[in-house]
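Report on one structure; see the data block that follows.
Proteins get letters first, then strands, A, B, ... in listed order; numbering begins at 1 in each.
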Amino acid sequence: MNVTSGIPVERTAKPYLIGIVLAVTLTAIPFALVALGTFTRETTLLVIVAAAVIQILVHLRFFLHIDFATTPRENLIALAFACVLIFLMVGGSLWIMFDLYHRMMV
Amino acid sequence: MTASNAAMTISPQDAQKYEEKEFGFWLYLMSDAIIFALLFATYLVMVGNAAGGSTGKELFSLERAAGETALLLLSSTTFGLAAVALSSADRAKVLLWLAITFALGAGFIFLEIGEFRGMIDQGAGPDRSGFLSAFFTLVGTHGLHVSVGLSWIAVMIGQVLFKGLTVPVASRLMRLGLFWHFLDIIWVVIFSVVYLPGLL
Amino acid sequence: MDFFGRLTIDSLPFYSAIAASGAAITVLGALSVMAVITYSGAWRLVLFDWVSSIDHKKIGIMYIMVALVMLMRGFIDAAMMRSQQAIAYNNEGYLPPGHFDQVFSSHGTIMIFFMAMPFLSGLINLIMPQQIGSRDVAFPFMNAISLWLTTAGAGLVLISLVIGKFSTAGWTGYPPYSGSEFTPGVGVDYWLWAVLISGIGSTMTGINFLVTIIKCRAPGMTMFRLPLFTWTVFVTAILMIFAFPALTVACGTLVLDRTLGMHFFTNGMGGNMMNYINLFWLWGHPEVYILILPAFGVFSEVVAVFSQKRLFGYISLVLATMAIGFLSFTVWLHHFFTMGSSAKVNSFFGTMTTIIAVPTGVKVFDWLFTMFRGRIIFKPPMLFTLGFLVTFTIGGLSGVLLALPPVDYLMHNTTFLIAHFHNVIIPGVLFGYIAGYMFWFPKAFGFKLNEKWGTWSFWCWIIGFYLAFMPLYVLGFLGMPRRMEHYEIAAWQPHLIVAALGAFIIFLGIVCMAVQLIVSIRDRKQLLDLTGDPWNGRSLEWATSSPAAPYNFAVLPQVQGVDAWWDMKARGVAYQRPDKYEDITLPKNTFIAAVIGGAGFVFGFAMIWYVWWLAILCLAVIFVSIVIRASDDDSDYVMPASEVKAIEDERFAQLAKAPRNEMADDPGYAGEPVAEASS
């Protein structure tokens, strides 16, 4: 059966079980840090961001089954392009808006 | 490949057609990702604009956010188990896991509506300040997507019941899966950008 | 609950003669169309062959019809502005400020969203699938939804002439002016919902075109054998998918402010008005490249065919197109240089803006080199191309000037800016679409357009353009701001009078196009395109009959090089008759897409007028329609091989009657295709 036809391959529960264990861990850590207030604000924010990025990769890999072997190339390129654009659009917007805030108090 | 998969053998032209649908849906998700990204950017620009009203620290609840996260994350897993049941053409299991996913998703929406209600009752509705407008719109747009997903799950339960696990039904289920997992990813960003930093 | 929301009898336009006449023309226009259809007994045809069709060629034609109707409405707006400004020196003119503001707002909104977007969607729909050797786009049903949602948006703009008023906030709708505190009432809401609803259609169109190009190409049609028009469509589609979300967020949040009292952009309560401008132009800049890239694609096709020479610099044209596409996401702040950003930010975006001019320059040189040593045939599409090459360059230069923030501080929001963007949009976008319309008309309808009237139309357009817009550059230097309803500086008036004259000559150009159409329909038997290839074309759309059969190609072509059709002619395999035909699967007609579009229109109307029960009902209709369609596993029908054979036999019979090469009689004809090195 064709993995790209939208019709499922022989799927086992394994990736989903691995995925949820990893996701729960990566969720529990930042939640716990916020609840306990162990580290400084900056450190906690860093951990939150890092955990989120890793958890997104976990979701992409174990729930969406995205990998370099089986995912069609055009899907990967579309995802990469979206990431680049998000970086430009969000990064650019934040740069502009915070620059305006500092300069114009807007 | 088991005998039960025989119902899902497809011609090359049909395989091509379903590939196109899956790629097209993936592109829609990419455009949706941009919408959410810009809502996040708007939120970050406006997070400090409480206009003398309540801030996130006062309004958010770590427990409720954890509860919502647990429900949604679990529902992603149960949907995955529905996909596994689909690949072994187990109709009863597909219906079971879809129903459980629906229940978990509905639980998420129930918690979220409760959260919004509570904030509005306190005078901290979306019309109170720019910060709250951004919060309600970002989280509310996600909630709206989840609600659409729930109605899609309901429709698919109906289709599985009345048509069985045919190839078109399977293709639609896979696209629904893409949608559902995508929404879970957005939620990860929501709790990482909105709730957790807000409560620090 | 108010059954009619905020609709009252005062919403009807009896408060002014001009408004009443605008309403009357709109209503009469709609009624006369219905009368003509009734009188010719054509309702069956209109409904069952066109409205319910999901064939990309028919959808394309319907899109272009919407565009041409809206071109007339948008032009009337332009004529009103030009005549007002020509006379309103030291007097109020005939157009009061509130009305003038609606006119400039609807002019921009119509031209961008409801003339240019449908025009490009129409041309692409008609031609691109044929260029890649496909039978249809990837998602024919969604294609129809896009058409009807766009039409719904256009309908909202048209009905604003009859019920209520239109926005006075410009085509960009900046808050806080466009917020409910400063502009309550329905105008801005009309604008918002028209833009949002058609924007959903455009996003879907982008997805459709991209999947089609990536997945539906004929065997042998690799990406680097695609015709240039298809390459520009490819990049345009990417821009549509990734830029329209920004517009959805900008306009969606403004709707929330206006309708639910939120504070995204209010002056106070934590609103941030610059965020709207940032979001709007995140969309707005890629949008202008969405408009121009397909036009560049048309010019690439036309210049090669009418220079009777292979397009020069294929790879550089492709790379330039991709560069323009990517860079278009990095320049958006140049639309608001003057709104307070620091020098660091301004200079970054100014630099990127200057850089984006480079790939366009590359394209211009490629087109010039294509013409060099070609045997040029001066048919109307080529005339528009030549007019473009000269005139667009001037507009591009004024753009490079404006790209420098210090210069922009002087010129922003003056008529210099108006001159610049019309100088790139009219010779660029509009001439490109008109050239495409005249070039591909025979493919759509089976007969050519009258060339004499096309030529006159061109001369009126180009002379009219220079007269209408060059004075605006001067006026910008003289300090005249944009959107002025009246003025007190005598030195401005002569220029404005010349500009009004230019607008009148453009009007003659439009009249020539209308006459051209009427005359061509009248004389169609003499103008028949019997081969499907009236211009000795180079790409695969010329391999089909004119008009093409529902399935386009009975047998999918085997592509062996760039300029696939030229290559087939050169190798002697054009017009080959297969031994046997196969059954062909095609989508069935369905009214569901039009129902969704109609519900979208009523939904927009209901949201504007606060008729909440109606809005909910429309959402339900849309939801149910989607569920019905999504549960339909039987939406195709099979055309049996015998029927395919009958259609093809008729085509070959027609071919036998025709001169094999319709261009061979033309003076300046350069000769039969010869085999070139394939790539």
pair Ile34(B)-Met30(B): side-chain heavy atoms closer than 4.5 Å: no

If we only count heavy atoms from C-beta on, is the Phe136(B) to Leu256(C) side-chain gap below 4.5 Å? no

In terms of heavy-atom pairs under 4.5 Å with chain B, which of Leu279(C), Leu282(C), Leu260(C) leads? Leu279(C)

Could you tell me if the side chain of Phe264(C) sits less than 4.5 Å from the side chain of Met46(B), heavy atoms only? yes

Side-chain touch Val139(B)/Phe116(B), heavy atoms, less than 4.5 angstrom: yes

Leading residue by heavy atom contact count with chain B [cutoff under 4.5 Å; candidates Val249(C), Ile626(C), Ile214(C)]: Val249(C)

Contacting region of Phe623(C) [heavy-atom separation from chain B under 4.5 Å]: side chain

Less than 4.5 Å apart, any side-chain heavy atom of Phe329(C) and any of Leu239(C)? yes

Min side-chain heavy-atom separation Tyr195(B)-Arg64(B) under 4.5 Å: no

Under 3.5 Å, which donor-acceptor pairs link chain B to chain C? Give each pair on its own line with the distance.
| unit_1 | atom_1 | unit_2 | atom_2 | d |
| --- | --- | --- | --- | --- |
| Gln16(B) | NE2 | Lys215(C) | O | 2.7 |
| Glu19(B) | OE1 | Lys215(C) | NZ | 3.2 |
| Thr42(B) | OG1 | Asn275(C) | ND2 | 3.3 |
| Asn49(B) | ND2 | Gly270(C) | O | 2.9 |
| Asp127(B) | O | His263(C) | NE2 | 2.9 |
| Gly130(B) | N | Met269(C) | O | 2.8 |
| Ser133(B) | OG | His263(C) | N | 2.8 |
| Gln159(B) | NE2 | Ala630(C) | O | 3.0 |
| Gln159(B) | NE2 | Ser631(C) | OG | 3.1 |
| Lys163(B) | NZ | Ser631(C) | O | 2.5 |
| Lys163(B) | NZ | Asp633(C) | OD2 | 3.0 |
| Arg172(B) | NE | Ala630(C) | O | 2.9 |
| Arg172(B) | NH1 | Ala630(C) | O | 3.1 |
| Arg172(B) | NH1 | Asp633(C) | OD1 | 3.4 |
| Arg172(B) | NH2 | Ala630(C) | O | 3.1 |
| Arg172(B) | NH2 | Asp633(C) | OD1 | 2.7 |

So do the side chains of Trp180(B) and Ser75(B) get within less than 4.5 Å of each other, counting heavy atoms only? yes

